[in-house]
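Note that the structure is a prediction, hence the values are computed from the model and not measured.
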Amino acid sequence: MASSWWLSSVICIMAVRIAVASIPTTLEGPFQPVTVQFDPSLRQGSSDLPQNDSRIAKQVTGNYPEQIALALSTPDAMWITWITGNAQLAPQVVPLDPTTVASVVQYGTKSGNYSLSAVGTSLVYNQLYPFPGLLNYTSGIIHHVHLTGLTPNTKYFYKCGDPSQGEMSEEYNFTTLPLPGPDSYPSSIAILGDLGLTYNSSTTLDHIILNNPSLLLLVGDLSYANNYLTTGESAACYSCSFPTAPTHETYQPHWDNWGRFMQPLTTTVPMMVIEGNHEIETQVGGATFVSYKSRFSVPAEESASNNNLYYSFTAGGIHFIMLGAYVDYNRTGIQYNWLLQDLAKVDRSVTPWLVATWHPPWYNSYSSHYREVECMRLQMEDLLYSYGVDVVFSGHVHAYERCNRVYNYTLDASGPVYITVGDGGNIEQIEISHADDVGQCPSPDANKPEYGGICPFNFSSGPAAGKFCWNQQPEWSAFRESSFGHGILQVVNSTHALWTWHRNQDVYSSAVGDQIYIAREFGALAIILCISLASPSSQVVLMDYYF
């Protein structure tokens, strides 16, 4: 019996290793750090798409819907958002009346047969700069409709608009995601940050569409509207002063261009967003995130956060936590208390995977934004670690980096895999300097976040003891490359997920920039499966289960 058990264990382990022989798994880690330097034959960035480009220019008139976007709510519900009417940009603006256009979605499970309808709400917002020479903005009418009572894993066809005015969109469709469960997952999830509206952004979007994802996750810094003056002229840099106003200007029509740019994808694929620093957009009087909160539907109320700057949602067997790095994250604050309650509700037998996102990375070895949000990490890392978060996605740094499992800057097999995907293609170019490069270690007070203070300290132990920066690629940094791109997460089952990072410069086919199986809870599963090897069909079950 003992020899039979030993043989079963060996067969089990061999089956796993053979099946993933060509793609590494995190079980083989921690990996020796690898750096792929920036390819000097490539440009570090590109310019924005021109205003008259058909992908961003307004193509509709009257109250015909545009900038249509889906967002997940609960497993049996979906948000649909669109905009009607003309935004205004002028020294003086007069807001549109949102009550003049209805917010209606007609939908059903058969093309052309809309047996169901839902009515939503609408609003307009202003971005005002009452200073000589600056322009003010008021939006078109933004419509949000909540479809409820949907059947999971079902295809729906829909139109949106105002039927009383004959202003209905063409037909689009979406497929609801499967119910929560350890064997139910979205087919693929596209994940990226810091997208912008450049030619590089266009390549990124084209590649994502070719991947045919069932869900889109954007980890902050979406349009980069605040890289421009109110007149539309590009500011010299994000951090430069704006001498004609005591506040940072933005060019709000850039948001409308971005909404049109995204529509080919977001009419059929739900887009889940979290805010970045470029969404703050401070106005006179201290108002912030006005455009972000107005334009995007997120399940804040459904997840009991009641704040669009942080929330959670479930997609099949994955629970996503979307955290706000530019709102109070301290242990005494509302967000932390909400996070604690949200994590306590997660049943890992139903949703085995726990994925967290926020904009600025805690683990980042590039010079840009190096250790910028230590204060947030010190407040929240212990909580996420104690609940066994599997993967963390962030942006902010305009490059790619995948970490070994880490906790408190120490290699830890129980820590999350941190991945930075701030390489969507924005106007600010690729980051190519590393904090461990000679002369590139920033001073402890150099990278100050837009929210919260700085918590600088030198490492007290390990290879970087007594230093603020490492003098070589940190051991927790497994792979980093300076390139634009995006990632695809494909959860295979309750223990394995395939992560693939694609580079923009590659001809989009089977080429990958980085690929790995993220594995969790392997030991217990292996024992269960190996016991079942007494069954003649169990080997097939094993292979199916893993792959």
Side-chain angles (χ1 to χ4, degrees), residues 8-9 12-13 15-16 19-20 25-27 72-77 150-154 176-189 214-215 217 272 299 302-305 311-323 338-357 380-393 405 407 412-417 489-499 517-535 537-538 540-547:
S8 297
S9 300
C12 177
I13 294 169
V16 173
V20 296
T25 79
T26 53
L27 299 173
L72 295 181
S73 173
T74 55
D76 63 349
L150 302 176
T151 303
N153 208 25
T154 301
T176 51
L177 295 182
L179 282 172
D183 301 314
S184 300
Y185 299 97
S187 59
S188 66
I189 304 166
S214 52
L215 180 62
L217 200 66
M272 308 307 290
E302 298 95 307
S303 59
S305 86
Y311 62 94
S312 67
F313 67 96
T314 298
I318 315 169
H319 188 69
F320 288 91
I321 299 168
M322 315 288 281
L323 297 180
W338 166 81
L339 174 61
L340 181 61
Q341 294 184 46
D342 190 80
L343 287 169
K345 295 176 187 175
V346 178
D347 184 347
R348 301 299 282 272
S349 68
V350 178
T351 51
W353 287 87
L354 189 52
V355 176
T357 75
M380 288 186 158
E381 185 177 24
D382 286 350
L383 182 59
L384 297 183
Y385 178 81
S386 68
Y387 275 91
V389 169
D390 298 298
V391 194
V392 173
F393 293 101
R405 291 191 179 276
Y407 166 66
D412 189 318
S414 298
V417 175
L489 182 69
Q490 297 169 289
V491 178
V492 181
N493 51 44
S494 62
T495 65
H496 283 74
L498 179 63
W499 167 253
Y517 277 102
I518 299 172
R520 56 177 301 276
E521 296 182 4
F522 173 77
L525 178 70
I527 292 172
I528 293 169
L529 291 174
C530 290
I531 289 172
S532 72
L533 281 176
S535 165
S537 62
S538 60
V540 176
V541 172
L542 173 69
M543 299 301 287
D544 286 347
Y545 195 88
Y546 275 101
F547 312 104

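The salt bridge (Lys or Arg N to Asp or Glu O under 4.0 Å) test applied to Glu302 returns no partner, not counting sequence neighbours. Legend: residues meeting side chain to side chain contact (heavy atoms under 4.5 Å, CB included) with Leu179, ordered by chain and number and at least two apart, are Pro75, Pro152. For Asn153, the side chain to side chain donor-acceptor pair (under 3.5 Å) test picks out no residue, with sequence neighbours left out. Phe393 meets the ring-ring contact (aromatic ring centres under 6.0 Å, His included) test with Trp499; sequence neighbours excluded. In this view, Thr314 and His319 satisfy the side chain to side chain donor-acceptor pair (under 3.5 Å) rule, not counting sequence neighbours. Not counting sequence neighbours, Gln490 has no partner by the side chain to side chain donor-acceptor pair (under 3.5 Å) test. With sequence neighbours left out, the side chain to side chain contact (heavy atoms under 4.5 Å, CB included) criterion links Ala77 to Ser73, Thr74, His146, Thr148. Take Ser187 and apply the side chain to side chain donor-acceptor pair (under 3.5 Å) test, not counting sequence neighbours, and it matches Ser214. Residues passing the side chain to side chain contact (heavy atoms under 4.5 Å, CB included) test with Ser414 are Tyr385, Asp412, sequence neighbours excluded.
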Practice prompt. Starting from the C-alpha separation in whole Å, work towards a yes-or-no answer on side chain to side chain contact (heavy atoms under 4.5 Å, CB included) for Phe320 and Leu215.
Written response: CA-CA 12 Å; Phe320 288 91; Leu215 180 62; 4.3 Å; yes

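Trp353 and Asp390 make their closest contact through CA-OD2, 3.5 Å (heavy atoms, listed as atom of the first residue, atom of the second, distance). The heavy-atom pair separating Lys345 from Ala304 by the smallest distance is NZ-CB, 4.4 Å. Heavy-atom minimum distance, Thr357 versus Met322: OG1-SD, 3.2 Å. Considering all non-hydrogen atoms of both residues, Asp342 and Ser303 come closest at OD1-O, 4.3 Å. Between Met272 and Pro299 the shortest heavy-atom distance is CE-CD, 3.6 Å. Contact between Asp382 and Tyr407 at its shortest, heavy atoms only, is OD1-OH, 2.5 Å.
When each of Val355, Val392, Ile518 is paired with Pro416, the side chain to side chain contact (heavy atoms under 4.5 Å, CB included) condition holds for Val392 and for no other.
With values rounded to the nearest 0.5 angstrom, Leu384 atom CG is found 6.5 Å from Ile321 atom CD1. If you take CG on Leu323 and CH2 on Trp338, they are separated by 6.0 Å, rounding to the nearest 0.5 Å.
Side-chain contact, Tyr185 with Asn493: no donor N or O sits under 3.5 Å from an acceptor N or O.
A donor-acceptor pair is defined here as one N or O able to donate and one able to accept, closer than 3.5 Å; such a pair exists between the side chain of Arg348 and the backbone of Gly388. A donor-acceptor pair under 3.5 Å links the side-chain atoms of Thr176 to the main chain of Thr151, judged by distance alone.
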